[in-house]
Every structure is written in structure tokens, then in C-alpha cells.
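In what follows, a structure is listed as C-alpha cells, so that the remarks can point back to it.
A note on names: the letters A, B, ... follow the listed sequences, proteins ahead of strands, and every chain is numbered from 1. These values consider heavy atoms only, across backbone and side chains, with no hydrogens, waters or symmetry-generated copies.
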Protein chains: 2
Amino acid sequence: MSTDNKKKKAATCGQVIIHDEIVKRVQQNMPEEDNLYDLADLFKVFGDSTRIKIIWALFESEMCVCDIAYLLNMTQSAISHQLRVLKAAKLVRNRRSGKTVYYSLADSHIKQIFEIGMEHITEE
Amino acid sequence: MSTDNKKKKAATCGQVIIHDEIVKRVQQNMPEEDNLYDLADLFKVFGDSTRIKIIWALFESEMCVCDIAYLLNMTQSAISHQLRVLKAAKLVRNRRSGKTVYYSLADSHIKQIFEIGMEHITEE
DNA sequence: TAAACATATGAACAATTGTTCATATGTTTA
DNA sequence: TAAACATATGAACAATTGTTCATATGTTTA
């Protein structure tokens, strides 16, 4: 059965390339276009060290904008803009208490993702 | 012990904000600056749908540049540029066989990260 | 109600990024 | 060795992104 190595011409370069079955499997297993974009957008949010730091701070405790700006030594405006991005990605929530707005993590997966990411960058 | 709610002025906005202990814990648990940048850079690589698609295709099998370009319906050049990025991030390897260069995944963590990411974007 | 204050936000700007186009490089084959 | 071919890569360009600056919004307090 696996001795039968059927090959298929790939349109682009006209070379004999992948097995038909692999093409099919890739097309079957590839998630929906929409999901792929959403996934890329999620990682894009993680792809900035300011946002990574904000999230890492929030691992410890909920905090107001001012706290985060202080801890990261950045302007309130810069932090506020980034919190907006994090909120749009549903990674943080906020609650207002008087003048102060407290932010906290909204997703339990984040820590896992960061830990696995850390494994990758430290193991090589 | 926890009745003693010592608070500390945060330099930036002059408001009474976080407990001293939280500030300390954040500073202790925050990874090295270098690692934070590397982590952000890793996620930056995942933050593009073309690269996500390439990786997803490689989940199935190793493939040459031409295969990937065909499957993703993109130019060889665009794929080649992106494979370079993936390789710099140590996410893929390649081997040459004659004129053809085959790429494959170099890291076992990727699938986990993608799966957790997918959970996040689909659960809301 | 005016002043003080925490936060949000729009515009501007520099920096980064993804794709295309043209072409170089490396390998095989006639 | 020249032609064919798969891949890599530099330059250019449009698009996206992060921060700053100025200021608006929302809440409290005197």
C-alpha cells in the first residue's frame, strides 16, 4: 500500500513534488482561513515586549494603569494604548473603582503559552 | 500579618497604589529583559498568517519551498522570505536534496502553543 | 461647581514588516 | 559546459505599528 508512491505535479514550479494524500491531509487539517487570521492576530498581541511585560505584571495581581506605568517605567499613555490592544484581544478585563481603573488577566491560557514559549527560547 | 495594608506611592502619578510586596514580587518574577525580548520576538514570528499557514502545513510532513508555495497559493519568493524568518527563530530546519530544499518543523512545542491559542480564540 | 486627578484617545511620526520584482546562487542534466 | 531549474536574496514600496504629545473624558473632593 505505501509502496505505491503516487506523485503529483505542483502547479507553481512544475516540479514533481508532494504526494496527493499529503496535499489532501494539509487541506483537510488546515483550520478555517478566519481562524488562521485570528490566531495570527492573537500572537501579534504577544509579539511586543511592552505587552509581554504588562501581562507578566498582571500574573501577580490586578493593577491600575498607573501601577503598570510605574512598574514598567513608561508613560501612562503608552500603557493605556497597549491595554486597549490587550482588551480588544480579550486578554485583560478592567473594572473601575472611582477614578482608578484596575486591569486583570482575562484568560487562563496565557501563562501556559508563555511558559512553553520560554521553553523554546531557553532550550537552544 | 495581612491585616497590615502598607501602601506605597508610585512615582509616576503620585497616587497611592500597589502594596510594596506586590511591587517586589513583580520585580522578582519578571524574567530577564533579554528573555522578554526573545519571547516577544518568538510570538512576533507567529503573528503572521502566512507563517502560521506554513507551520500548519509542516505539521503534516516535511515539504520543499515549491510545495508550500503551491499549497498556500503564494509566490516562491514570498515563501522563501518567510521560511528564512522561521529558520532564524529556530522553528524550522531544512535539508537540501539536489536542487530541492526540504523544510520541516524543528520544535515540538509549536503544536501545543497553537492549540492553546486556538482554544483562546474559539472559546469566546 | 471648580479643581484635581486617573485614564482614554486622536494625530503625527519614525520604525518595522510583508510582498513583489529582478536577479544571484547552487545543483543537476543533456 | 551550457541550459534548466529550485531556492535565496537585495531593493523598493505600501502598510502596519508603538510611542509621544496634547487634550478629552470620567470621577472625586473641597
Side-chain angles (χ1 to χ4, degrees), chain A residues 7 9-18 36-37 40-55 62-89 92-104, chain B residues 7 9-18 36-37 40-55 62-89 92-104:
Chain A
K7 302 216 172 192
K9 288 217 176 236
T12 320
C13 59
Q15 262 293 100
V16 169
I17 323 272
I18 349 175
L36 291 170
Y37 276 98
D41 283 342
L42 175 64
F43 290 130
K44 215 171 281 174
V45 174
F46 292 143
D48 173 78
S49 62
T50 298
R51 290 190 293 262
I52 295 253
K53 286 179 197 172
I54 292 175
I55 291 172
E62 76 165 6
M63 263 173 227
C64 70
V65 181
C66 175
D67 290 337
I68 302 171
Y70 167 68
L71 275 168
L72 269 56
N73 196 28
M74 292 183 67
T75 56
Q76 172 270 321
S77 179
I79 299 300
S80 208
H81 277 295
Q82 296 302 0
L83 284 168
R84 192 160 174 269
V85 174
L86 290 168
K87 203 185 174 194
V92 302
R93 313 177 211 289
N94 56 11
R95 67 179 181 88
R96 185 176 265 277
S97 168
K99 287 178 284 189
T100 313
V101 178
Y102 290 94
Y103 281 82
S104 59
Chain B
K7 302 215 171 191
K9 287 217 175 234
T12 319
C13 60
Q15 263 292 99
V16 169
I17 323 274
I18 348 174
L36 291 170
Y37 276 98
D41 283 342
L42 175 64
F43 290 130
K44 215 172 281 175
V45 174
F46 292 142
D48 173 78
S49 62
T50 298
R51 290 190 293 262
I52 295 254
K53 285 178 196 170
I54 292 175
I55 291 172
E62 76 166 5
M63 262 174 226
C64 70
V65 180
C66 175
D67 291 337
I68 301 171
Y70 166 68
L71 275 167
L72 269 56
N73 196 29
M74 293 183 66
T75 56
Q76 172 270 321
S77 179
I79 299 301
S80 209
H81 278 296
Q82 296 301 359
L83 284 168
R84 193 160 174 268
V85 175
L86 289 168
K87 203 184 174 197
V92 302
R93 313 178 211 289
N94 56 10
R95 67 180 179 87
R96 184 176 265 276
S97 167
K99 287 178 284 190
T100 313
V101 178
Y102 291 94
Y103 281 82
S104 59

For [X] and [Y], which heavy atoms make the closest approach, and how far apart are they?
X       : Y        : result
B:Ala69 : B:Ile79  : CA-CG1, 3.7 Å
A:Phe43 : B:Ile52  : CD1-CD1, 3.9 Å
B:Cys64 : B:Tyr102 : N-CD2, 3.7 Å
A:Arg51 : A:Val45  : NE-O, 2.7 Å
B:Gln82 : B:Thr50  : CG-CG2, 4.0 Å
A:Ala40 : B:Ser49  : CB-N, 3.6 Å

As an exercise, state the distance from [atom1] of [X] to [atom2] of [Y], rounded to the nearest 0.5 Å.
X        : Y       : atom1 : atom2 : result
A:Asp48  : B:Leu36 : CG    : CG    : 11.0 Å
B:Ile54  : B:Met63 : CD1   : CE    : 10.5 Å
B:Thr100 : B:Arg95 : OG1   : CZ    : 9.0 Å
A:Arg84  : A:Lys87 : CZ    : NZ    : 10.5 Å

Whole-Å gap separating [atom2] ([N]) and [atom1] ([X]):
X        : N      : atom1 : atom2 : value
B:Arg95  : D:dT7  : CZ    : P     : 12 Å
B:Leu86  : C:dG18 : CG    : C1'   : 13 Å
B:Gln76  : D:dC5  : CD    : C1'   : 11 Å
A:Lys99  : D:dA24 : NZ    : C1'   : 17 Å
A:Ile68  : C:dA8  : CD1   : P     : 10 Å
A:Tyr103 : C:dT7  : OH    : P     : 9 Å
B:Lys87  : D:dT7  : NZ    : P     : 14 Å
B:Asn94  : D:dT7  : CG    : C1'   : 10 Å

Does [X] have a side-chain nitrogen or oxygen under 4.0 Å from the phosphate oxygens OP1 or OP2 of [N]?
X       : N      : result
A:Gln82 : D:dT17 : no
A:Thr75 : D:dT20 : yes
B:Arg51 : C:dG18 : yes
B:Arg84 : D:dT9  : yes

Closest to side chain of [X], choosing from [options]:
X       : options               : answer
B:Ser80 : C:dA8, C:dT19, D:dT7  : D:dT7
A:Val65 : C:dT7, C:dT28, C:dT20 : C:dT7
A:Ser77 : D:dT28, C:dT7, D:dA22 : D:dA22
B:Ala78 : C:dT27, C:dT9, C:dT20 : C:dT20

Name every residue in residues 41-50 of chain A that has at least one heavy atom under 4.0 Å from any atom of DNA chain D, in order of residue number, or write none if there are no such residues.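 When residues 41-50 of chain A is checked for heavy atoms under 4.0 Å from DNA chain D, the hits, listed by number, are A:Lys44, A:Asp48, A:Thr50.
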
Verify the stacking flag for B:His81 against D:dT9: centroid separation must be under 5.5 angstrom and the ring planes must differ by under 30 degrees.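 B:His81 ring centre within cut-off of D:dT9 base, planes near parallel; stacks.
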
Annotated structure of DNA chain C as dot-bracket, pair cut-off 3.5 Å, Watson-Crick or G-U only, | for inter-strand, is ||||||||||||||||||||||||||||||

